[in-house]
There are 2 protein chains.
Amino acid sequence: MESEEIILALAALAQSTRLEVFRLLVGREPEGMPAGEIARELAVPANTMSAHLSVLARAGLIRSERRSRSIIYRADLDRFRAVATFLLKDCCGGRPEVCAPLIADLTPCCSPKEPARG
Amino acid sequence: MESEEIILALAALAQSTRLEVFRLLVGREPEGMPAGEIARELAVPANTMSAHLSVLARAGLIRSERRSRSIIYRADLDRFRAVATFLLKDCCGGRPEVCAPLIADLTPCCSPKEPARG
DNA sequence: CTAATTATTCCATAAATCTGGAAATATGGA
DNA sequence: TCCATATTTCCAGATTTATGGAATAATTAG
C-alpha cells in the first residue's frame, strides 16, 4: 500500500459527511445501501452525496454495484483495515509501545484466535 | 474523543509533507526535533513548514516546546493511538471481524503486557 | 415509445487549503 | 545596545474542495 493511497483514504474520511457515510455503511454490512437511501438518511442532496460517494470510492473505502435502478454501496472493510494497518505499522515499526496499548484496548472487543463477543 | 477531533487529525495526516513530518517525528522520539531541522530535512521553506507544523499541533498530533532559540517538536504518540483506537472501535464496535486480523497482524511486532495467547 | 425512478455528470459559486516572500517576534551573545 | 539565529505571522496568489441547481444517463413499468 502506497503513501499516496493512504493520503487519499485519510482525506476521504476527513470530512464529516463522508465519515458518517462510511460509519453508516460499515453498520449495513454486508447488505449495503442504495445511494438514494444514504442521501435521505443523512439529509444531503442526491448530487452532493454522489460526489462524496465518488471520493470514498476513489479512495477504495467503498464499492458500488448496480442493482436494477439502484446503485448499492458497501464498505470495503479489508481496505479500511489495510489503511489502519499501514498507518500503525508505519509508526509501530520501531515503536512497539505505540501499538501495545492499542492491541490491549482492542482485544476485548475482538481477539484474533477466538470469535469475539462484547 | 469527538468526531470533530478525529476529522482534524485525519485532515492533518492527509497531506504528504505533514505525513512525512509525523513519520519523521515518530522516529525521533523521545528527543524530538527543532522546527528548522525538520524543514531542512524535508527540503521545505521554514515558513511553509511552520504552517504545516501548526496544523499538526492544532490536531494534537505533535507538541512543541521552546528550548533556547529553537522550538522542539515531538510526536504525541498517545494522541495518535487515541485517534487510531477511535477509528477502529467506531467500526469494530459491531464488527469484530475487522479488527481481529489487524490485531493478528500487529501482535508479532508488539504484543501487550501478556503474550496474546496467554 | 412515454413516463417514472434512481443516480450521475455538468457547471458555477463559495470556502478552505497550500505555498512562499516579506516582515515581525523571541532568544542569546558581543 | 546591536547583531545573528530560529521561528512565526502577515499577506496574497494559485489550487483544491464542498455544495447544489439543472441537465443527462440508466433502468424498469405500462
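Numbers restart at 1 for each chain; the letters A, B, ... are given by sequence-line order, proteins then strands.
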Is the phosphate of C/dA7, meaning OP1 or OP2, less than 4.0 Å from a side-chain N or O of A/Ser70?
yes

Specify the separation, in whole Å, of atom CD1 of A/Ile7 and atom C1' of C/dC18.
13 Å

Under a 4.5 Å cut-off applied to non-hydrogen side-chain atoms, are B/Leu106 and A/Lys89 in contact?
yes

Any side-chain heavy-atom pair from B/Leu87 and B/Leu10 closer than 4.5 angstrom?
yes

Rounded to the Å, how far apart are B/Ile71 CD1 and C/dT25 P?
15 Å

Which of C/dC18, D/dT7, C/dG20 is nearest the side chain of B/Pro45? It is C/dG20

Which part of the nucleic acid, if any, lies within reach of A/Thr48 when heavy atoms closer than 4.0 Å are counted: base, sugar-phosphate only, or nothing?
base

Which of these nucleotides, C/dC18, D/dT28, D/dT7, is closest to any side-chain atom of B/Ala35?
D/dT7

Check whether any side-chain nitrogen or oxygen of A/Gln15 sits under 4.0 Å from OP1 or OP2 of D/dT19, and answer yes or no.
yes

D/dT5, D/dT7, D/dT28: which one has an atom nearest the side-chain heavy atoms of A/Arg69?
D/dT28

For B/Glu31, I'd like to know if atom CD has over 12 heavy atoms of other residues, nucleotides or ligands within 6.0 Å.
yes

Pick the nucleotide of DNA chain D nearest each of B/Ser50 and A/Ala51; which residue has the one closer to the 5' end?
B/Ser50

Any donor-acceptor pair under 3.5 Å linking the side chain of A/Arg74 with the backbone of A/Gly32?
no

Note, B/Leu88 side chain near A/Leu102 side chain (heavy atom, < 4.5 Å):
yes

When rounded to whole Å, the CE to P distance for the pair A/Met49 and D/dA18 reads 13 Å

Quick one: A/Arg67 CZ to D/dT28 P, roughly how many Å, whole number?
12 Å

When you measure from the side chain of A/Asn47, which nucleotide among C/dT5, D/dA18, D/dG21 comes out closest?
D/dG21

B/Glu37 CD to D/dT5 P, straight-line distance once rounded to whole Å
17 Å

B/Arg18, nearest nucleotide to its side chain (from C/dC18, D/dT19, C/dG20):
C/dC18

Could you tell me if the side chain of B/Val26 sits less than 4.5 Å from the side chain of B/Arg23, heavy atoms only?
no

Separation of A/Arg66 atom CZ from C/dT6 atom C1', in whole Å?
7 Å

side-chain N/O A/His52 vs D/dT17 OP1/OP2, d < 4.0 Å:
no

How close or far is atom P of D/dA18 from atom CG of A/Leu42, stated in whole angstroms?
15 Å

Both B/Tyr73 and A/Ala14 contact DNA chain D. Taking the nearest nucleotide for each, which residue is further toward the 5' end?
B/Tyr73

To the nearest angstrom, how far is B/Leu56 atom CG from D/dT7 atom C1'?
16 Å

Give A/Ser68 one of three labels, base, sugar-phosphate or nothing, depending on what nucleic acid heavy atoms sit under 4.0 Å from its own.
sugar-phosphate

Which nucleotide in the set D/dT28, C/dT27, D/dT8 lies at the smallest distance from any side-chain heavy atom of B/Ala46?
D/dT8

